[in-house]
Every structure is written in C-alpha cells, then in structure tokens.
Amino acid sequence: MTASVTPSPRPAGRTGETAYDRHRLRQWLAGDARADGVSRRRLLSLLAATAAATALPAPGPARAAAAAPIVKPLPPEWFIQRGTNAETRWEALRGTGHHTPNELFFVRNHTATPVLEARDWRLRLWGSGLRGAPGEDGAVEFGYDDLRALPAVTRTAFVECAGNGRSHYATQQGETVTGTAWTLGAVGVARWRGVPLGHVLRRAGLSSRAVDVQPRGLDAEYVSGGENLGRVRRPLPLAKALDDVLLAYEMNGEPLPYDHGYPVRVLVPSWVGISSVKWVGDIEVSAQPLLSPWNTTFYRLFGPAHPAQGSAPLTRQTVKSAFELAGGATFAVGEGQVLHGRSWSGAGAVARVDVSTDGGASWRRARLHDRPRAGTWTRWSVAWTPERPGATQLLARATDTHGRRQPDVAVPNTQGYLFDAVVRHPVTVV
Ligand code: MTE
C-alpha cells in the first residue's frame, strides 16, 4: 500500500500527550496533521507555546440548557443540578459500596442525552490509519450485537470531570475561574464491561501508519460562544488507545444508562472524563495527527503559572479526597463518630490518607477499607469524638503510589481544571 502522507512516527511506548502534542502541532504546520474546527490562529498560538510547554489541556464551557438534558431522575437529596449537568452529593455515597450506583452517578453533558436504540446503532471506523477494504471508502462497521459477540473484559474505573473541585479555586484560594462550579461530586466509579478498543481497531484493519484515534459522540453539536464546534470528539494517541481503553456497553452489570452513553461509550481509565466519549458513533483512525477543540481550546491549562499559550493536553487526573458528608454537617459534642471518605488518583493507587479534624493543626492516618488499586478510589475512615462545640474543618490528604501527595494550594488555571489541593470541609459541633 502506498502512503498518501508522510508516515508519522508512532508515540511508541508512550501514552502521554505532552511530547506528542508538540510533535502533532509541528506536523500540522508541515501540512501533515488535520485540525477540524480549530482556527489557524489558535493552532499557531499553541505551536508558539510548545517551546516552553511541559503540561496538559483544559475543558469546555457549559451550553445553554436543553429542555431535559438528563433523562434519569435527579432527586435533590442525591444531586445538585448544574445546567446540563448533575453533580453527585457526597453524603449520598455513604454506605453505597465501592462502586457508585448508576442512579447516583454524576452526569456531564455538553448538550443533552440522546435516547438511542441499540438495534439501530452502528459504530463506524474510518480513516487513513486503517488498511482499507470492506466498505468502498475503507470504513468498517460494527453493530451492537457484533460488539457484544467479541471477547469482553470487565474493569473497575473512575470517570471524573477535569473540572471536578473547580469551585474550590474560588472558595479556598480566591481565584476566579470559568466553567461549571463543581464541588467534589463530578466523579464516580463503576464496573465497566466492554471490548478493548485495541481489539476492535485491529479487527478493523489497523495500519502501521496509524497515530491518532478520535471517537466522536452522537449527541448534538456543541455551540460555545456562538461558534458551532461540531460533535464532541477528542483524539487519543494510538499508544493509549491500544493500552487500556474500552468500548463499554455495561455499567455495574446493567446496560449503560442513557445518560452514561447507551448503547456504547469509550472508557479511558485514569484520564480526564472528556476522553471517555459517550454515545460513540464513529472513530476516526488517522495516519495524520488530529486536533479538535477538546484538545486545543479546552482541556489545556492557561494562566500565569502555565506557558503563555497553554499547556499540553490534559491526560491523567490528579489526586483528590472527599468526605461522605454534606458541607456544614452537624455533630454532637462528646459523641463518638466514624468519618468516612474516599481518595483517588489518576497516577496510581491511593495507599495512604491522613485526616485532620481540627482544621489542619493535627493529623492522623485513616484506616483503609479497600486494597489500593490504580484507576479507582480507596475508601477510608477515622474515628472522631468532637470535644469542643463550634465550627471546625475536616481535611483529608491522600498520597498515591507514585508519591503524589495533595498540596495545600492548587496551581490555578483560568478554566479551573485539575484542582488537587486538600479541601477544607466545614462542619459544626453543637
Ligand atoms: N461524550 C459526549 N458524547 N458528550 C459529552 O458531553 N462529556 C464528557 C464525557 N463524554 C461528554 C462525553 C465529559 S466532560 C465527562 S466528565 C464525561 O463524559 C462524563 O461522563 P458521565 O456523564 O457518564 O458521568
């Protein structure tokens, strides 16, 4: 087969985006990468930034709410509604087990949940990174039953919005950031079942020239600041796509709920939630690097602490902890309590959590309730008997197996991504 473009070196053995991003942008300049829906000006400014770039990307603003952006019931004791999105209340997770029940799982929709039928659904793989053949244009299609007939795997993994914890940039650090004002409830853990994306790519005729894989959702086109950015899509380096990514059709033993991507979604363990494209309808497999608004304008870090034109695209999530408690919860003085919470990281397992019940003056180690595992959270608890009436703050600080420890202050960025600082949870003792 003759190559129609200059073969791009594969990001061999690397699932990160930082170095590859620079490479991808240079290829765009040389005419060897495609960038649909991203202006030339924007790309040039990103390219200018790559000299200094060492980091990650940022996400998108919320769109005007559709009539019913979310299908499932959103009882106020479980969810805080935020535009087209719904945040899980941490107090509702108390006693729910390791996996977040589907009814309680947060929802992040750029527009609205499309209600699709599995029997009508097709997944189309296409592009210059396939060897060609079956369809006239070289595209290969899979139906829902085709996918379910392939060897399946089950994997426990969190999905977390890159902006989870964003509101704490304002409440704890006095920083003004844009985007949905999540507290800590834009995260959930589920047991996902599906087919490894790598398996489907190989069956579709993956070529040795492929470098990027771009899944696209079947939800409505996303309009931001009056500009139609098209349907939600974000490229993944092939190395990550072949590593641990799933085309998932089950969530906690049930078919995916409508809001979480029925009939099939992409599941990219440990990476920012935007990578896990819901309602996937097609996947471009490309021999050219790809760019979309979701790895250029959004999901990079901008601001004084970052390269002038933004960081490299965001990949792994940071370390976080949360108490299974309402903000402002009340406790009786002298009464023994057990405080529960969960901690997680995109870089490794969480094997150590320290808790303070006096606003950070003293700390003790929490008891872990899960065997620490990468890609999911570790549940923990500490006993506490409040001794004095009055207001106090509960703090939890996690350390992951890669030595990443939650800092006191998160490095701010204009779109409020990747908040990782220890959150000060206010409570009152009466
Ligand atoms: N996929 C599509 N097609 N449309 C979307 O709006 N939102 C993304 C991602 N996949 C989105 C999407 C974002 S930003 C997040 S955080 C996760 O889905 C949220 O997944 P959930 O709604 O199942 O919790």
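This structure is a prediction, so every number in the text was calculated from the model and none was measured.
Under a 3.5 Å cut-off, the side chain of N85 and the backbone N or O of R82 do form a donor-acceptor pair. With hydrogens and angles ignored, the 3.5 Å screen pairs a side-chain donor or acceptor of R265 with a backbone N or O of S276. In this structure, the side chain of T88 engages the main chain of L104 through a donor-acceptor pair within 3.5 Å. Between the N164 side chain and the A186 main chain, a donor and an acceptor come within less than 3.5 Å of each other. Between the Q172 side chain and the R424 main chain, a donor and an acceptor come within less than 3.5 Å of each other. Side-chain atoms of D259 come within 3.5 Å of backbone atoms of K72 as a donor-acceptor pair (strictly under, hydrogens ignored). When atom types are taken as modelled, the side chain of T113 and the backbone of P69 share a donor-acceptor pair closer than 3.5 angstrom. R233 contributes a side-chain N or O that, together with a main-chain N or O of R231, makes up a donor-acceptor pair within less than 3.5 Å. Although no hydrogens or angles enter the test, the distance criterion places no donor-acceptor pair under 3.5 Å between the side chain of S275 and the main chain of W271. Between the side chain of D146 and the backbone N or O of G143, at least one donor-acceptor pair lies under 3.5 Å.
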Checklist entry - When you look at F323 and W380, which way does the ring-ring contact (aromatic ring centres under 6.0 Å, His included) test go after all the steps? => result CA-CA 9 Å; F323 288 88; W380 45 261; 5.2 Å; yes
Next on the checklist: Using side chain to side chain donor-acceptor pair (under 3.5 Å), reason through D420 and T318 one step at a time and then give a plain yes or no.
Outcome noted: CA-CA 6 Å; D420 61 350; T318 47; 5.1 Å; no
Next on the checklist: Please determine whether side chain to side chain contact (heavy atoms under 4.5 Å, CB included) holds for the pair T180 and R166, giving the CA-CA distance in whole Å, both sets of side-chain angles, and the decisive distance to 0.1 Å.
Outcome noted: CA-CA 8 Å; T180 303; R166 176 182 282 129; 3.9 Å; yes
Item to check | Working for side chain to side chain contact (heavy atoms under 4.5 Å, CB included), residues V272 and T315 | outcome: CA-CA 6 Å; V272 287; T315 55; over 6 Å; no
Checklist entry - So L325 and L394, side chain to side chain contact (heavy atoms under 4.5 Å, CB included) or not? Walk me through it. => result CA-CA 10 Å; L325 265 186; L394 308 179; 3.5 Å; yes
Checklist entry - What do the steps show when you test R216 against V232 for side chain to side chain contact (heavy atoms under 4.5 Å, CB included), and what is the final call? => result CA-CA 6 Å; R216 183 165 51 164; V232 173; over 6 Å; no
Checklist entry - When you look at Q288 and D212, which way does the side chain to side chain donor-acceptor pair (under 3.5 Å) test go after all the steps? => result CA-CA 7 Å; Q288 288 177 294; D212 270 352; over 6 Å; no
Next on the checklist: Please evaluate residues T183 and E87 with respect to the criterion side chain to side chain donor-acceptor pair (under 3.5 Å), reporting the C-alpha separation (whole Å), side-chain torsions for both, the decisive distance (0.1 Å), and the verdict.
Outcome noted: CA-CA 8 Å; T183 53; E87 170 165 3; 2.5 Å; yes
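Here the closest non-hydrogen pair linking A112 and A68 is CB-O, 4.4 Å. In plain terms, the two heavy atoms of W344 and R342 that are nearest each other are CZ3-O, 3.4 Å. Nearest heavy atom pair, residue W377 against residue L93, reads CH2-CD1, 4.1 Å. Annotation for W121 and G281: closest pair NE1-CA, 4.5 Å, computed over non-hydrogen atoms. When all heavy atoms of A190 and N252 are compared, the pair lying nearest together is CA-OD1, 3.5 Å. Closest approach of V350 and T378 over heavy atoms only: O-OG1, 2.8 Å.
R397 is listed as a side-chain neighbour of R405, based on a closest heavy-atom distance under 4.5 Å. Looking at L184 and V187, their side chains never come closer than 4.5 Å, going by heavy atoms from C-beta outward. When side chains are defined from C-beta on, L242 does not count as touching L197, because their heavy atoms never get closer than 4.5 Å. Under the 4.5 Å side-chain criterion, counting only non-hydrogen atoms from C-beta, R367 is not in contact with V382. Counting heavy atoms from C-beta outward, L267 and D244 have side chains that stay 4.5 Å or more apart. Taking the side chain as every heavy atom from C-beta outward, V280 and V266 approach each other to under 4.5 Å. Contact annotation: the side chain of V189 never approaches that of F105 to less than 4.5 Å [non-hydrogen atoms, C-beta and beyond]. Y249 has its side chain within reach of V195: a pair of non-hydrogen atoms, C-beta onward, lies under 4.5 Å apart.
Between L74 atom CG and F79 atom CZ the span is 5.5 Å, to the nearest 0.5 Å. Atom-to-atom distance recorded for T178:OG1 and Y169:OH is 11.5 Å, nearest 0.5 angstrom. For the atom pair CZ (R316) and NE2 (H402), the distance works out to 7.5 Å, reported to the nearest 0.5 Å. With rounding to the nearest 0.5 angstrom, the CG atom of L206 is 10.0 Å from the CG atom of L125. Taken to the nearest 0.5 Å, the CD atom of E103 stands 10.0 Å off from the OG1 atom of T96. Rounding to the nearest 0.5 angstrom, the gap separating the CG atom in N413 from the CZ atom in F302 is 9.5 Å.
The aromatic rings of H369 and H340 are tilted relative to each other, their planes meeting at an angle between 30° and 60°.
Checked by atom type, the side-chain pair S321/Q406 shows a donor-acceptor distance below 3.5 Å. Checking N109 against T84 by side-chain atom types alone, no donor-acceptor pair falls below 3.5 Å. With hydrogens and angles left out, the side-chain atoms of H99 and T156 include a donor and acceptor closer than 3.5 Å. Of the N and O atoms on the side chains of H110 and W294, at least one donor lies less than 3.5 Å from an acceptor on the other residue.
A salt bridge is absent between R108 and E160; no separation between the charged side-chain nitrogens and carboxylate oxygens falls under 4.0 Å. D370 has a carboxylate O that lies under 4.0 Å from a charged side-chain N of R379, or vice versa, which qualifies the two as a salt bridge. A salt bridge is defined here as a Lys NZ or Arg NE, NH1 or NH2 lying under 4.0 Å from an Asp or Glu carboxylate O, and R34 with E284 meets this definition.
Shown here is R203, whose CZ atom has no more than 12 heavy atoms of other residues, nucleotides or ligands within 6.0 Å. Atom CZ of R404 is surrounded by more than 12 heavy atoms from other residues, nucleotides or ligands within 6.0 Å.
Applying the side-chain hydrogen bond (donor to acceptor under 3.5 Å, both in side chains) criterion to R193, with sequence neighbours excluded, gives T154.
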